[in-house]
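As structure tokens, the structure follows; a few thoughts come after it.
Small disclaimer: the values here were computed from a predicted structure and weren't measured.
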Amino acid sequence: MNIKSRRRSAQGRKKKSNSLFGFFYRYWLSIVLILVLSSLIRQNFIVNNFPVDIAQKQNILRQNSTENQDLTQKNQQLKLELNSKSDQKLEILESMARYKFGLIKSGEKYYQINNPD
């Protein structure tokens with residue numbers, strides 16, 4: 001037997017004596033990835049209650065969106081009412097300003113007639 005064959009046989013013996021360590025040494029990346037994957041699955045499905053929680057949140061989103069649509073419609077109605085009331089108030093203010101203070105719009109001509117008493 002030569003030196004190379006002795007080294008091979010000695011290396012083979014070392015690997016056989018630590019077969020469990022050799023397995024972990026050979027597949028350490030796969031083992032780490034399996035552990036990470038199992039912890040993520042545990043976190044999502046067991047701790048966070050994944051499928052049920054998503055369905056509940058989607059229902060909440062649907063309810064909120066319908067409520068938002070109702071509120072925007074109410075806001076539009078209230079804006080229309082406010083604009084119509086403010087237009088009426090502006091007409092009243094304009095007529096009062098014309099009567100009391102002699103307000104004239106641009107482009108209008110003002111004629112004052114004096115009555116001799």
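To the nearest 0.5 Å, atoms CD (Q43) and OG (S38) are separated by 12.0 Å. Atoms CG and OG, on L93 and S86 in that order, are 10.5 Å from each other to the nearest 0.5 Å. Taking CG of N64 as the reference point, atom NZ of K57 lies at 13.0 Å (rounded to 0.5 Å). Rounding to the nearest 0.5 Å places CZ of F23 at 8.5 Å from OG of S30.
The other residues sharing a hydrophobic cluster with L37 are I41, F45, F50, I54, where clustering joins ILVMFWY side chains under 4.5 Å apart.
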Got a list of side-chain donor-acceptor pairs under 3.5 Å for residues 100-107, not counting sequence neighbours?
residue: K105; atom: NZ; partner: E94; partner atom: OE2; Å: 3.0

Criterion side-chain contact (heavy atoms from CB on, under 4.5 Å) on Q58 and R62, from CA distance to verdict:
CA-CA 6 Å; Q58 285 177 345; R62 282 189 209 109; 4.1 Å; yes
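Using a cutoff of 4.0 Å between basic side-chain nitrogens and carboxylate oxygens, D70 and K74 are not scored as salt-bridged.
Closest non-hydrogen pair, D53 versus N48, comes out as CB-O, 3.6 Å.
Linking ILVMFWY side-chain heavy atoms closer than 4.5 Å, directly or via other members, places L35 and Y27 in a single hydrophobic cluster. Placement of I31 and L20 within a single hydrophobic cluster is found when ILVMFWY residues are connected by side-chain heavy-atom separations under 4.5 Å, directly or transitively.
Contact annotation: the side chain of L82 never approaches that of L78 to less than 4.5 Å [non-hydrogen atoms, C-beta and beyond].
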